[in-house]
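Right, one structure below, let's go through it.
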Amino acid sequence: MPESKFADVQGLRMHYLEWGDPSNPDLLLVHGWTGLASSWNSVAEAFQDRYHIIAPDNRGHGQTDKPVTGYMLRDFATDIAELISVLGLERPAYVGHSWGGNIGTIMASDYPDAICCAFLEDPVYWKMINVHVTSLAQAMARHNRPEADIRAEAQAQGMSRQEADELVYRHHHFSPHAVTRLLTDNRNWAFRCEEHMRRISVPTLVLVADINAGGYMLSEELAYYRTIASPDLDFRLWEDVGHSMHAARPEQFNAELSEFLSNTSCGA
């Protein structure tokens, strides 16, 4: 089981989970919007014997502080850079999903001395231009769902009391301010992301989910990025799998992550 800990980061009390021996190479797992640190359990369990693993709750999520403002993408990237410094991590391998992939794109371009490589799962690039329309209502409906309805669903599915408690928490753990500001204040990332891709200077692999199965990257978008990407940036398309790749295909995800780490300076 991971240890639950806290660190002071940019004036926030940031929660994180920790697995493995601190003497092993560092591996940093960063979740997406409305996610949380424990969403990485299956990945952490597969790598904890070889790596020292840190998975934070991003600002506005989980047990980390939830300010009303401060949800620009730059704020999240600075949080991660400062967390690496505060915890004394030594150029960790960076793994990020969705919004965590956006953060990782900045880390790989602007903080190459802070991380050794980046493995990014279906980050959100062009979709940021309209994601406040396509995703915000769904996220808020989930957050505002009454606890009684969630527990009734859990009971109908035969869940235990503990499992029901976890389900309620997963619906409500993020701040409405966080999701609203995050999705509405960062629409220009749809254009700024390209400049970062050109400057990436650590080995970086982007896993691209199938747009027809719920992925966030158009085929035309992927083709364009391949023409502008730095020599250190590569893309790999997964067919017939949607946005939550490490949840849908954990064995494949862990195998590709292990291969990537072994082929870079981040290998254990």
Side-chain angles (χ1 to χ4, degrees), residues 9-10 24-32 40 43 47 50-56 58-59 72-128 186 188-209 216-218 221-238 245-246 253 256-268:
V9 173
Q10 290 207 94
N24 286 336
D26 295 315
L27 179 63
L28 184 62
L29 309 176
V30 182
H31 67 77
W40 292 110
V43 177
F47 287 87
R50 292 175 284 162
Y51 286 88
H52 170 231
I53 301 171
I54 298 293
N58 286 328
R59 59 172 57 218
M72 297 299 293
L73 185 52
R74 174 61 58 184
D75 297 318
F76 289 85
T78 305
D79 285 346
I80 296 300
E82 188 166 322
L83 180 67
I84 290 171
S85 177
V86 168
L87 298 184
L89 305 182
E90 297 185 13
R91 294 194 74 207
Y94 181 101
V95 179
H97 173 235
S98 189
W99 186 253
N102 296 2
I103 299 169
T105 304
I106 291 182
M107 296 298 297
S109 61
D110 291 3
Y111 297 91
D113 294 333
I115 63 172
C116 64
C117 59
F119 188 83
L120 311 179
E121 176 189 357
D122 210 35
V124 188
Y125 294 141
W126 282 359
K127 189 176 174 67
M128 280 304 301
N186 291 282
N188 64 348
W189 174 246
F191 306 103
R192 290 192 296 108
C193 64
E194 298 177 16
E195 183 263 334
H196 287 278
M197 289 183 203
R198 292 183 172 97
R199 293 191 293 102
I200 283 177
S201 56
V202 298
T204 300
L205 178 62
V206 173
L207 297 183
V208 181
Y216 280 12
M217 194 180 300
L218 297 170
E221 182 182 1
L222 173 58
Y224 172 70
Y225 292 150
R226 282 176 164 153
T227 69
I228 67 167
S230 88
D232 290 306
L233 173 58
D234 196 9
F235 299 85
R236 185 173 299 164
L237 175 64
W238 281 20
M245 303 166 82
H246 73 269
F253 184 91
E256 293 210 15
L257 175 57
S258 182
E259 178 186 12
F260 174 74
L261 295 174
S262 297
N263 291 335
T264 67
S265 58
C266 295

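Closest approach of L120 to G104, counting heavy atoms only: CD2-CA, 3.9 Å. Across every non-hydrogen atom of I80 and P56, the tightest pair is CD1-CG, 4.0 Å.
Counting heavy atoms from C-beta on, the side chains of I103 and L73 come closer than 4.5 Å. You'll find the side chain of I54 stays beyond 4.5 Å of the side chain of P92, heavy atoms only. In this structure the side chain of F253 reaches within 4.5 angstrom of the side chain of L207, judged on heavy atoms. Contact annotation: the side chain of V43 never approaches that of V95 to less than 4.5 Å [non-hydrogen atoms, C-beta and beyond]. Using a 4.5 Å heavy-atom cutoff, the side chains of L222 and R226 are in contact. For the pair T204 and F235, the minimum side-chain heavy-atom distance is 4.5 Å or more. Counting heavy atoms from C-beta on, the side chains of E221 and Y224 never come closer than 4.5 Å. Side-chain contact between V206 and D234 is absent, with no heavy atoms from C-beta onward closer than 4.5 Å.
Here salt bridge (charged side-chain N to carboxylate O under 4.0 Å, His left out) pairs that include residues 100-120, with residues two or more places apart or in two chains, are R74-D110, D110-R199. The list of side chain to side chain donor-acceptor pair (under 3.5 Å) pairs with a residue in residues 87-107, not counting sequence neighbours, reads S98-H243, T105-Y125. Note on residues 118-127: no pairs pass salt bridge (charged side-chain N to carboxylate O under 4.0 Å, His left out), not counting sequence neighbours. Pairs passing the salt bridge (charged side-chain N to carboxylate O under 4.0 Å, His left out) check and including a residue from residues 75-84, sequence neighbours excluded, read R59-D79.
Side chain to side chain, H52 and D26 meet the donor-acceptor criterion of an N or O pair below 3.5 Å. R50 and S258 share a donor-acceptor pair across their side chains, judged by distance under 3.5 Å alone.
Among residues two or more places apart in sequence or in another chain, the disulfide bond (SG atoms under 2.5 Å apart) test is passed with C116 by C266. Applying the side-chain hydrogen bond (donor to acceptor under 3.5 Å, both in side chains) criterion to S201, with sequence neighbours excluded, gives no partner residue.
In summary, the aromatic rings of W126 and Y225 are positioned with their centroids under 6.0 Å apart.
Below 30°, between 30° and 60°, or above 60°: for F260 and F119 the angle between ring planes is between 30° and 60°, a tilted geometry.
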